[in-house]
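Below is one structure, written out as C-alpha cells; comments come after it.
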Protein chains: 2
Amino acid sequence: MSGSRGRVGRIRQQHEGTILKAAEHVFARSGFQGATMAEIALRAGMPKSNLHYYFGTKVEVYRAVLAHILELWLAETDRFTPDADPREALSHYIEAKMRLTAERPDASRVFANELLHGAPEIGDYLRGALRALVADKSVVIRGWIAAGRMAAVDPEHLFFSLWALTQTYADFETQVGAVLGRSNLGPADYRRATDHVLNLVLRGCGLMPPAAIEEPPCST
Amino acid sequence: MSGSRGRVGRIRQQHEGTILKAAEHVFARSGFQGATMAEIALRAGMPKSNLHYYFGTKVEVYRAVLAHILELWLAETDRFTPDADPREALSHYIEAKMRLTAERPDASRVFANELLHGAPEIGDYLRGALRALVADKSVVIRGWIAAGRMAAVDPEHLFFSLWALTQTYADFETQVGAVLGRSNLGPADYRRATDHVLNLVLRGCGLMPPAAIEEPPCST
DNA sequence: GAAAAAATTGACCATATGGTCAGGTTTTCA
DNA sequence: TGAAAACCTGACCATATGGTCAATTTTTTC
C-alpha cells in the first residue's frame with residue numbers, strides 16, 4: 001500500500017531500470033544523435049512502442065540517464081576538510097574516481113559526450129552544484145597550501161586535472177588500449193593506471209607517495 | 001603544365017580547404033552522426049550538391065577532416081632524445097600541446113569524439129603510427145629514469161596523462177568554463193592552465209619548474 | 001574563340017527514424 | 001470477481017537527411 005512511492009508501478013520501476021541500463025550502453029557508443037530508440041528497445045528486450053510507453057521521447061531517456069549518472073558523480077565527494085590530511089584526501093579521491101571509471105566506463109562516456117557537445121542538458125548542473133562544490137573544496141585546498149601542507153597548486157585546475165587524468169581511461173579507452181596493444185583494459189591495467197596517477201599527482205602536489213618510488217603503494 | 005600537383009583544380013584546392021574548415025567546426029559540435037551535410041554546406045557557403053561534388057559522401061568529408069588533424073598531431077613531436085634535458089623536453093611538449101589545444105580546439109574535439117566512439121576510422125593510426133611513436137619515446141624516458149635524471153614514472157601512462165591534461169581544456173571547455181564562471185576560455189585562462197599543468201607534471205616527474213614555488217622536493 | 005574540362009545547382013528520391021495510436025492483455029484491488 | 005488501472009504492441013505516419021542527376025555555367029586550354 002503506498003508509502004513514499006510504494007506500490008506505484010512495480011513493473012514500471014523494474015523496466016525503467018532495464019531501459020536506463022540499455023540506454024546508457026547505447027548512448028555511450030553512439031552519442032545522443034547516433035543512438036536510436038530502436039536499438040535501445042532491442043537491447044532492453046522490448047518493442048519500441050513499449051519503450052515509448054515508459055519514456056515519451058528520446059530526450060527524456062537521455063535526461064534520465066544523465067540524472068542517473070550525476071547521482072553517482074556527486075555521491076563520492078567529501079574528504080576535503082580543513083583538518084584532513086591532504087595526501088589522504090587526494091589519494092582517496094583519486095582511487096574513488098578510478099574505481100568509478102573502471103566500473104562504469106559507459107557512464108563516463110555518456111557524460112563526456114554531453115560535455116563535448118556543449119552540455120546542452122546539464123549546463124545548469126555544471127554552473128550550479130558542480131561549480132559550488134569545486135569552490136568549496138578549493139577554499140579548503142588553499143588553506144592547506146597556505147599552511148604549507150602541500151605545494152602551491154591551483155585548486156580549480158587541480159580538479160580539472162584529476163577529472164581528466166582518471167576519466168581518460170574510460171573515455172579514450174580505445175586510444176589507451178591501442179597504445180598498450182590490447183583491445184580493452186583489464187583490472188591489471190586499471191591498477192597500473194591508478195598507481196601512476198597517484199604517483200604523478202601526489203608528487204606533483206609535493207606529497208610523496210606512502211611507499212616511495214619502488215614499492216607499489218598497496219593500501220586497498 | 002603540372003609539377004607535383006600543379007594546375008590540378010585551382011578552385012578545387014581552395015574550396016576543399018573551405019569545406020574542411022567548415023566540416024571541422026560542424027563535426028566538433030555535433031559529432032559524426034549529428035553533423036549534417038546541409039549544415040556543412042551552409043557554413044562553407046555553397047549548396048549541398050556542390051559539396052557532394054567535392055566529397056562524394058559524408059564519411060569522405062569526415063575522413064579528410066581526421067587526416068588533416070592527424071597531420072597536425074604528428075608534426076609537433078621530437079625533443080624526446082636520450083641526450084635531451086628531461087625538463088626541457090617535457091616543458092616543450094606540454095607547451096606545444098597546450099598551444100595546439102588553444103588554437104585548434106575543434107580539431108581536438110573531433111578527435112575526442114572519434115575516440116569516444118571507438119575510433120572506427122583511425123583505429124589503424126592508433127595501433128600503428130601512434131603506438132610506435134609512444135614505444136620509441138618510452139624507451140628514451142626509461143633511459144632518463146634509469147640514469148636518475150627524473151623520478152620513476154610509467155612512460156606510457158605519462159603520455160596518456162599529458163594528452164588528458166592538455167586536451168581536456170578543449171574537449172571539456174564547457175565544464176571548465178562553467179566551473180570558472182565563464183562562457184568560454186580566453187588567453188589568460190590558457191596561460192594559467194599551461195602554468196598549472198607544467199607545474200603539476202614537472203613536479204610530478206621530480207623536475208622542479210624553473211622558478212620554484214616552494215621547497216624543491218629534491219630529485220628522486 | 002571554340003572545344004573540352006571543371007564547377008555549379010535545383011529538383012528529386014530512398015531510407016531511416018522518432019513518434020503516434022487504437023485496440024488488446026495483464027495486473028491490481030475493492 | 002469484476003472493473004479500473006497499468007501495461008503491451010503491431011501498424012502506421014511525418015520528417016529529416018544522405019545522396020543522385022541532368023542541365024547549365026564557368027574556366028581552362030590549344
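Numbered from 1 within each chain, the chains take letters A, B, ... in sequence-line order.
In this structure, Arg43(A) has no salt bridge (charged side-chain N to carboxylate O under 4.0 Å, His left out) partners at least two apart in sequence or on a different chain. The salt bridge (charged side-chain N to carboxylate O under 4.0 Å, His left out) test applied to Asp106(B) returns Arg29(B), Arg109(B), not counting sequence neighbours. By the side-chain hydrogen bond (donor to acceptor under 3.5 Å, both in side chains) test, Thr101(A) is found to be paired with no residue, residues two or more places apart in sequence or in another chain being considered. Partners of Ala38(B) by side chain to side chain contact (heavy atoms under 4.5 Å, CB included), not counting sequence neighbours, listed by chain and number: Thr36(B), Lys48(B). By the salt bridge (charged side-chain N to carboxylate O under 4.0 Å, His left out) test, Asp189(A) pairs with Arg182(A), sequence neighbours left out. Partners of Asp136(A) according to the salt bridge (charged side-chain N to carboxylate O under 4.0 Å, His left out) rule, which considers only residues two or more places apart in sequence or in another chain, do not exist here.
Atom pair His52(B):NE2 and dA14(C):P shows a separation of 16 Å (rounding to whole Å applied).
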5' to 3', nucleotides 4-11 of chain C under a 4.0 Å protein heavy-atom cut-off (B base, S sugar-phosphate only, - none) gives --SBBBB-

Checking His117(A) against Phe32(A) for the ring-ring contact (aromatic ring centres under 6.0 Å, His included) test, could you report, in this order, the C-alpha distance in whole Å, the side-chain angles of both residues, the deciding distance, and whether it holds? CA-CA 10 Å; His117(A) 294 3; Phe32(A) 175 71; 9.6 Å; no

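Recorded end-axis angle for the helix from dG1(C)-dC30(D) to dA30(C)-dT1(D) stands at 20°, based on five pairs per end and rounded to 10 degrees.
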Extract all donor-acceptor atom pairs below 3.5 Å that involve side chains of residues 162-169 of chain B and protein atoms in other chains or at least two apart in sequence.
from: Trp163(B); atom 1: NE1; to: Tyr93(B); atom 2: OH; distance (Å): 3.0
from: Thr166(B); atom 1: OG1; to: Leu162(B); atom 2: O; distance (Å): 2.8
from: Thr166(B); atom 1: OG1; to: Trp163(B); atom 2: O; distance (Å): 3.2
from: Tyr169(B); atom 1: OH; to: His157(A); atom 2: ND1; distance (Å): 2.6

Show me the side-chain donor-acceptor pairs of residues 59-68 of chain B shorter than 3.5 Å, one per line, residues at least two apart or across chains.
from: Glu60(B); atom 1: OE1; to: Gly56(B); atom 2: N; distance (Å): 3.4
from: Tyr62(B); atom 1: OH; to: Glu114(B); atom 2: OE1; distance (Å): 2.6
from: Arg63(B); atom 1: NE; to: Glu121(B); atom 2: OE1; distance (Å): 2.6

Let me have the donor-acceptor pairs involving side chains of residues 124-133 of chain B, under 3.5 Å, with sequence neighbours excluded, atom names and distances please.
from: Asp124(B); atom 1: OD1; to: Arg127(B); atom 2: NH2; distance (Å): 3.4
from: Arg131(B); atom 1: NE; to: Val179(A); atom 2: O; distance (Å): 3.4

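Remark: nothing in residues 55-69 of chain B comes within less than 4.0 Å of DNA chain C through any heavy atom.
Residue Ala41(A) is out of contact with every strand shown, counting any heavy-atom pair closer than 4.0 Å.
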